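Computed from a prediction, not measured in an experiment: that's the story for all the values here. For reference, positions follow the sequence shown, starting with 1. Because only heavy atoms are used, hydrogens play no part in the values below, and waters and symmetry mates are left out as well, while side chains stay in.
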Amino acid sequence: NNMTYWLFSSVSGIYGINGFKMIQASPQNNITDSSAISEIVPIDEAVAILDKELAENIDFEFTDIRLMYCCLTAQPIIDRMHEEKEKQSEEDTEEYNMKTKEYVPMWCFEIQSTPESISKQYIKINAVTGEMFVDMGR
């Protein structure tokens, strides 16, 4: 009852001197399967996985831990700033939008942000399989 769940349509755009050059909105997600999950990896096991899997010389400070539903479908890197890559970007976006998205519960360990960080960064443990994901953008 205390899980955080975000499901939204992202909207992005490019704005310049002459106004908006491009606006993109991703389509809404449709829930096609809502199977019950009977067991999840307990938080202490998730911490043990981090302790085992992270290199000894890597030192992270975590500011928050949440159990959240996260998408397993990787979003491609889209480059709309260079005209020669615009067509490929449109194709990649369309292909991604058509893929079935799978959301699973994950233990999300939020990494202490730095002044250079523009978004939250996480190390995630899949709460069903115990698999570790590193979600660190620029």
Side-chain angles (χ1 to χ4, degrees):
N1 291 337
N2 199 17
M3 289 184 70
T4 301
Y5 181 72
W6 293 307
L7 185 60
F8 54 89
S9 184
S10 71
V11 177
S12 61
I14 298 175
Y15 187 81
I17 294 172
N18 298 326
F20 281 100
K21 178 179 178 183
M22 186 274 310
I23 295 178
Q24 176 188 343
S26 299
Q28 291 287 342
N29 294 307
N30 295 321
I31 297 175
T32 57
D33 179 19
S34 57
S35 304
I37 298 171
S38 58
E39 282 187 40
I40 64 168
V41 173
I43 185 66
D44 57 336
E45 279 187 40
V47 171
I49 292 168
L50 287 180
D51 189 45
K52 178 183 173 204
E53 296 296 326
L54 294 176
E56 288 184 22
N57 59 346
I58 295 178
D59 188 23
F60 288 113
E61 181 177 341
F62 298 111
T63 56
D64 196 11
I65 303 171
R66 293 175 185 242
L67 184 60
M68 298 190 294
Y69 275 93
C70 299
C71 184
L72 290 181
T73 307
Q75 186 171 358
I77 297 172
I78 305 298
D79 181 358
R80 288 197 173 86
M81 300 308 288
H82 301 93
E83 286 186 26
E84 68 275 6
K85 296 182 181 179
E86 196 166 334
K87 185 176 189 293
Q88 184 64 48
S89 294
E90 292 300 323
E91 291 172 7
D92 291 346
T93 299
E94 185 65 27
E95 182 181 332
Y96 173 75
N97 288 340
M98 298 303 288
K99 284 184 179 179
T100 300
K101 314 296 188 292
E102 181 181 0
Y103 291 84
V104 297
M106 291 199 187
W107 289 109
C108 300
F109 295 79
E110 185 179 334
I111 299 169
Q112 173 68 47
S113 63
T114 63
E116 301 85 38
S117 299
I118 60 170
S119 63
K120 292 185 178 184
Q121 299 181 345
Y122 295 96
I123 296 181
K124 301 173 182 175
I125 303 296
N126 184 317
V128 177
T129 66
E131 185 178 6
M132 185 175 79
F133 297 86
V134 179
D135 185 4
M136 297 177 70
R138 291 181 176 207

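- Considering CE of Met106 and CD of Glu131, their distance stands at 7.5 Å, rounded to 0.5 Å.
- To the nearest 0.5 Å, atom CD of residue Glu61 and atom CD1 of residue Ile111 are 11.0 Å apart.
- Distance check: Ile125 CD1 to Ile65 CD1 gives 10.5 Å after rounding to the nearest 0.5 Å.
- Going from atom CH2 of Trp107 over to atom CD1 of Ile43 covers 4.5 Å, rounded to the nearest 0.5 Å.
- Going from atom CG of Leu50 over to atom CZ of Phe62 covers 5.0 Å, rounded to the nearest 0.5 Å.
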Between Tyr122 and Met68, is the side chain to side chain contact (heavy atoms under 4.5 Å, CB included) condition met? List the steps. CA-CA 12 Å; Tyr122 295 96; Met68 298 190 294; 4.2 Å; yes
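- Taking the side chain as every heavy atom from C-beta outward, Leu67 and Ile40 approach each other to under 4.5 Å.
- At least one side-chain heavy atom of Leu54 sits under 4.5 Å from a side-chain heavy atom of Met132.
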